[in-house]
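The next block holds one structure in the form of structure tokens; read it before the comments.
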Amino acid sequence: MHDILPEDVGRWQFLEATTREWFARYGFGEIRTPVLEATDLFTRSVGASSDIVRKEMYTITRGAESVSLRPENTAPVVRSFVEHSRHRGVAAGYPERLFYIGPMFRYERPQKGRQRQFHQIGVEVLGGEEALIEAETIEMIWGLLHRLGIRTIELQLATVGDAECRPKYREALRQWLAPRAERMCEDCRRRAEENPLRVFDCKVEADQKLLADAPAMEASLCAACAGHIGEVKRLLGEFDVPYVENPRLVRGLDYYRRTVFEITASGLGAQNAILGGGRYDGLVGELGGPDLPGFGFAMGMERAAMLIPDATLPPKSIDVSLVALGADGHRAAIGLARRLRAEGFSIQMATQDRPMGAQVKRAARAGARFALFVGEGELASGRFGLKDLASGEQVDIDEAGLVSRIKKG
Ligand code: HAM
């Protein structure tokens with residue numbers, strides 16, 4: 001778990017502000033749900049046999065109640081959607097579009113790129129089955145990454161089938177695994193029995209090699225699923241979003257149906273998925289709501305923040321650092337700072353009379369655009385020395401002129 005310090009928080013704020021502005025263009029509304037949910041919400045949705053539920057949840061038991069810190073936010077958003085009967089606002093062709101920004105918690109083995117408290121920007125579209133939903137939502141996030149200056153990315157796409165063809169594939173895989181499982185790790189032996197599709201989660205190299213020859217989903221796809229993924233691909237082409245097909249794409253959550261995808265980025269090391277998601281038709285019904293389809297994704301904010309190039313970030317925000325000289329200068333500077341703040345500028349000044357050298361150093365360290373000198377001479381003449389700290393150019397200026405000069409930048 002990490003602190004986000006003031007020096008770094010600018011990246012986070014930029015990421016959040018850009019996201020909010022961009023998602024609003026696509027008609028998404030923000031939703032904020034509690035960080036604690038009933039444990040069985042995740043068992044029923046993410047899956048009892050998933051690593052997330054089996055090994056990674058922070059669970060608190062109080063009396064007969066068991067709650068967990070949310071390891072992800074799709075299930076909580078669907079829970080909220082059902083609880084507030086929001087399907088009433090959904091009509092054919094008009095799904096509900098939601099996004100969220102916030103912390104998630106997973107008890108991960110400590111490693112680069114994985115935190116135990118991490119943050120996600122996520123999106124859920126509830127109540128639409130059209131392939132356009134995938135295409136438009138993926139186009140939106142693709143566009144957001146470009147606006148953030150994150151360019152070396154790759155979209156990986158696959159389908160996991162639906163309630164009709166997925167069980168057939170699961171059975172085919174189970175049969176294929178049966179004679180091989182004993183050569184695999186202990187986890188895989190268990191998975192082969194409990195939930196064969198989870199074997200693709202395995203990180204053991206020997207098992208990975210063996211699985212390279214396992215049957216692929218495509219061969220078992222039903223006509224409806226094949227048609228759906230075909231339409232998603234066609235629309236992505238129309239939206240100019242390039243993708244690669246990755247039939248081995250592994251998602252760590254059980255609720256997916258049909259389309260799944262990830263966007264990977266170079267520069268992240270082994271944990272290279274900046275975001276992942278997919279369709280989860282059936283989940284709303286399973287969590288007590290009407291039988292409505294869903295689709296969404298979540299992006300890891302630590303990973304996204306790290307990839308934003310410095311050049312994309314807005315400049316630092318201190319406008320003026322006041323350099324007050326002598327006790328009289330300091331007193332006068334206090335009033336001047338108040339008046340300039342009232343004009344909307346951000347002002348830094350020392351809380352006590354400090355040597356000039358120390359104040360000038362602080363001005364540079366704060367990344368202030370200007371240093372403003374307030375000393376005896378300035379007080380007598382009513383004109384101040386205003387130094388542009390980037391160019392080094394200094395002008396002598398009265399208070400009225402000061403405001404327009406700082407405004408000009
Ligand atoms: P997920 O693939 O588990 O999906 O997580 C999405 C993203 O969160 C990952 O691609 C990664 O960037 C980030 N992430 C996950 N775990 C960690 C961690 N321990 N440390 C840092 N970053 C992490 C979900 O959570 C689904 N709820 C996404 C979704 C929404 N599917 C449909 N709707």
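Hydrogens, waters and symmetry mates play no part in the numbers below; they use all other heavy atoms, side chains included. Whatever order the structure lists them in is the order used to number ligands and atoms, beginning at 1.
- A cation-pi contact links Arg116 to Tyr107, judged by a cut-off of 6.0 Å to the six-membered ring centre and 45° from its axis.
- Among all non-hydrogen protein atoms, the one lying nearest atom 26 (C) of ligand 1 is Tyr255 OH, 3.4 Å.
- In this structure, Arg116 does not count as a contact residue of ligand 1, since none of its heavy atoms falls inside 4.0 Å of the ligand.
- Only the backbone of Ile274 comes within 4.0 Å of ligand 1, counting heavy atoms alone; no side-chain atom from C-beta on gets that close.
- Looking at Glu262, its side chain never comes within 3.5 Å of a backbone N or O of Ile274 through a donor-acceptor pair.
- Relative to the six-membered ring of Trp176, Arg180 meets both conditions, a distance below 6.0 Å and an angle of at most 45° to the axis.
- Atom 7 (C) of ligand 1 has its closest protein heavy atom at Ala298 O, 3.5 Å.
- Checking side-chain atoms of Arg44 against main-chain N and O of Glu286 turns up a donor-acceptor pair under 3.5 Å.
- Side-chain rings of Phe23 and Phe99 approach one another, their centers coming within less than 6.0 Å.
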Listing, residues 352-368 side-chain donor-acceptor contacts under 3.5 Å, not counting sequence neighbours, or none:
residue : atom : partner : partner atom : Å
Gln359  : OE1  : Ala324  : N            : 2.8
Gln359  : NE2  : Ala324  : O            : 2.7
Gln359  : NE2  : Arg354  : O            : 2.7

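- Contact analysis leaves Gly294 out of contact with ligand 1, as no non-hydrogen atom separation drops below 4.0 angstrom.
- At least one heavy atom of Gln115 sits closer than 4.0 Å to an atom of ligand 1.
- Among all non-hydrogen protein atoms, the one lying nearest atom 13 (C) of ligand 1 is Gly300 CA, 3.6 Å.
- For Glu124, every heavy-atom contact with ligand 1 shorter than 4.0 Å involves the side chain, none the backbone.
- The residue among Phe105, Tyr256, Phe295 with a heavy atom at the shortest distance from atom 29 (C) of ligand 1 is Tyr256.
- Other residues, nucleotides and ligands place no more than 12 heavy atoms under 6.0 Å from the CZ atom of Arg86.
- The shortest contact between atom 12 (O) of ligand 1 and any protein heavy atom is with Ala273 O, 2.9 Å.
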